[in-house]
Each structure stands twice: as structure tokens, then as C-alpha cells.
*Asks:* 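Handing you this structure, nothing more for now.
Below, each value reflects all heavy atoms present in this structure, side chains not excepted, and no hydrogens, waters or symmetry copies. Both counts, for ligands and for their atoms, begin at 1 and track the order of listing. On a predicted model such as this, the values are computed, not experimentally measured, just so you know.
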Amino acid sequence: MKKIAFIGAGSMAEAFISGILENSLIDKKNVWVTNNSNEERLKRLSDTYGVRTTYDLKELFAGADIVILSMKPKDAATAIQYIREYLTEKMLVVSVLAGVSMSTIETLARLPIAVVRAMPNTSAAVGKSATAVAVNERVTPKQIELMKDLFGTVGLTTFVEEEQLDAVTGLSGSGPAYIYYLIEAMEKSAVEVGLDKEMASELIVQTLIGAAEMVKNSTKSSEQLRRDVTSPGGTTEAGVKVLEEHQVQQAFISCIKAATEQSKKMGAVLREQLEVTEPTS
Ligand SMILES: NC(=O)C1=CN([C@@H]2O[C@H](COP(=O)(O)OP(=O)(O)OC[C@H]3O[C@@H](n4cnc5c(N)ncnc54)[C@H](OP(=O)(O)O)[C@@H]3O)[C@@H](O)[C@H]2O)C=CC1
Ligand SMILES: O=C(O)[C@@H]1CCC=N1
């Protein structure tokens, strides 16, 4: 890894910058970042991490072997069209964009390039992302090893077929938000049952960490672990009965399906736009 160029300097880019520098994967002087127009943000990244920032694309791409696309999917077409004259077949293009396929990226780049499409989540900021990664046929075994190192700096990495990435996006890409939603509900309920907010918050977080560790380390299924907590005629049974009455499990299933469909839809919208702006024949 000689030089990384980040296109997009938001929260995802920052999580990766922090991860790769903390793990000394590359020297900070070889990490370059650009964004659309927010100079203040670039200055903050440069002050915090010592990375280089620029709006000069020639400078950004000179000697870069890895390009990380980290803008929002809606900005992908404009951004890639803007940078494409600087992309070369030797570069590895890594995308964390939800819904945007590798072939869409190649079409926009107008170049047969090695593309890695990843779906991390925001827990990358604390090195705990659950990241799924797909690669196209031009990615070499050496580059795959490099990707294991890169994504390993922000958490767990698993390699999947690209077709699975929309579902991964709905499940673990958006997943932290579902858990935060649950925490919000637990926090609100804690106050309603008369607990101090701060103290309750600590109990909730530890309960979540503990439950997650149990699922991770136990040989029992999550369903069995739930049954273990539930004493006949006890408090858990009374609580879970209410969840069942409200079909909360079904609501979560519908939620993940809707997010998966949205990821597919976002990709399709971009593909339709491309048929107009980037006709292949
Ligand atoms: N947030 C999440 O939970 C997750 C997000 N993702 C994916 O990560 C990507 C980035 O998300 P996130 O970091 O949250 O987004 P942010 O909104 O935090 O950051 C987006 C960045 O893209 C920049 N940008 C916009 N247009 C261009 C352009 N034309 N050229 C260069 N840079 C541009 C913005 O610059 P400026 O500020 O100057 O406008 C900004 O720095 C998305 O595609 C998303 O799908 C993946 C997994 C999880
Ligand atoms: O909501 C989104 O579109 C992005 C992708 C996964 C998480 N956040």
C-alpha cells in the first residue's frame, strides 16, 4: 500500500483513516483526502490525523494505488465522472457506497478497473464494524490480502458475493441504527418506570454488551438464550408477551427487508441514470 486517496471526507472516511493510522497500515503522509467543498472539514481531518488534503486532483492521485470512494450514493455519478481521467488500471478502487454496484463504478470510470465493494457500518469508528466485502474479477490475491488488512483495522471482515451486499446493507450496514432505536426505547422506558437516566443508560449498554457477548461465545442459539432468561410466570415472560402482541420480531424482519429493497432501489436508480448519461453502445 503506497498511497490512499479518499474521495469523500465524511464519517465513514474518518473511521477508516483513524483505523488504518492507529494500526500503522500506512504512513499518514501517504493518506490523502478530498471532498466536495467543505474546507473546514478537510482542515479538521488534517489537524486531527496529520493526513494530507487537497482539491488538486493531479496531486491527489499521483502515485496512489488505492482510491476509496466514500461520498453518498447520490453523489457517486458526479464524483466519479469528475475524477475518472485520473484513474488508471493499476489502481484499486474501493467503494463503501450503499447500493452502487461494481459494474456501475466501472461504467462511470470508463475503465476496466479492479473494484472492491464493501459494506461496513458506523461502528468502524470504534474498530467494531461488521464489514462484508465483494471483489470483481480484476482484484488480485495480493490485493485481497491488502483488503483483509485494511478492513481489519475497523473490525470484522467477511467476503461475500456481490449479490448479497444489498441484504448485508439492510442487515448490518444499517444495523447499528436499529440497535440505537432499541436503546432509545429502553432509555425512555427507564425514565417512565422511575429510574435515573444516566444510571439506566449504563445498565442498558452493559446489558447489550453482555447479551452480544453471550450470543458470540455461547453454544446456545439466541432463542435458547432468551428462553433461559424467561422464568415461568416471571417478569421476562410478562415483557416478552407484550413484544409478541405488538409483533416486534415481525416488525424487525419487515424493517430489514425494507432496507434491503432500498439498497437495491438506490442501485437501480443510478443504473437508470447511467443508461442516459453513459450509454454503453
Ligand atoms: N453512514 C453509514 O452508516 C454508512 C455509510 N456507508 C456509505 O458510506 C458512504 C459515505 O457515508 P458517510 O461517510 O456517512 O457520508 P457523509 O455525508 O458523512 O460524507 C460524504 C462525503 O462525501 C463528500 N462528497 C460529496 N460529493 C462529492 C464529490 N463530488 N466529490 C468528492 N467528495 C464528495 C462530502 O463532501 P462535502 O462535505 O464537501 O459535501 C463528504 O465529505 C455512503 O455512500 C454510504 O452509503 C456505508 C456503510 C455505513
Ligand atoms: O442509510 C444508508 O443509506 C447508509 C448505508 C448503510 C447505513 N447507512
*Asks:* Hey, could you give me each pair passing side chain to side chain donor-acceptor pair (under 3.5 Å) that has a residue in residues 235-248? Not counting sequence neighbours.
*Replies:* K241-E245
*Asks:* Identify, chain by chain and in numerical order, each protein residue with a heavy atom under 4.0 Å from an atom of ligand 1.
*Replies:* I7, G8, A9, G10, S11, M12, N35, N36, S37, N38, S70, M71, K72, P73, D75, A79, V96, L97, A98, M119, P120, T122
*Asks:* Quick check: is I20 connected to L146 through a chain of hydrophobic side chains (ILVMFWY, heavy atoms under 4.5 Å apart)?
*Replies:* yes
*Asks:* Please report the interatomic distance CG(D65) to CE(M91), rounded to the nearest 0.5 Å.
*Replies:* 8.5 Å
*Asks:* Which protein residues come within less than 4.0 angstrom of ligand 2, counting heavy atoms only?
*Replies:* A98, G173, S174
*Asks:* Any carboxylate oxygen within less than 4.0 angstrom of a Lys/Arg side-chain nitrogen, looking at D166 and R117?
*Replies:* yes
*Asks:* Using atom types as modelled, flag every donor-acceptor pair under 3.5 Å from a side chain in residues 3-17 to any protein atom, sequence neighbours excluded.
*Replies:*
unit_1 : atom_1 : unit_2 : atom_2 : d
K3     : NZ     : E59    : O      : 2.8
K3     : NZ     : L60    : O      : 3.2
K3     : NZ     : A62    : O      : 2.7
E14    : OE1    : R41    : NH1    : 3.1
E14    : OE1    : R41    : NH2    : 2.9
E14    : OE1    : R44    : NH2    : 3.0
E14    : OE2    : R44    : NH2    : 3.4
E14    : OE2    : Y49    : OH     : 2.7

*Asks:* Can I144 be reached from M147 by stepping across I, L, V, M, F, W or Y side chains whose heavy atoms are under 4.5 Å apart?
*Replies:* yes
*Asks:* Is it true that L25 and L21 fall in one hydrophobic cluster, defined by side-chain heavy atoms closer than 4.5 Å?
*Replies:* yes
*Asks:* For the atom pair CZ (F252) and OH (Y181), what is the distance rounded to the nearest 0.5 Å?
*Replies:* 8.5 Å
*Asks:* So, taking the atom named CG in D75 and the one named OH in Y82, what distance separates them when rounded to the nearest 0.5 Å?
*Replies:* 13.5 Å
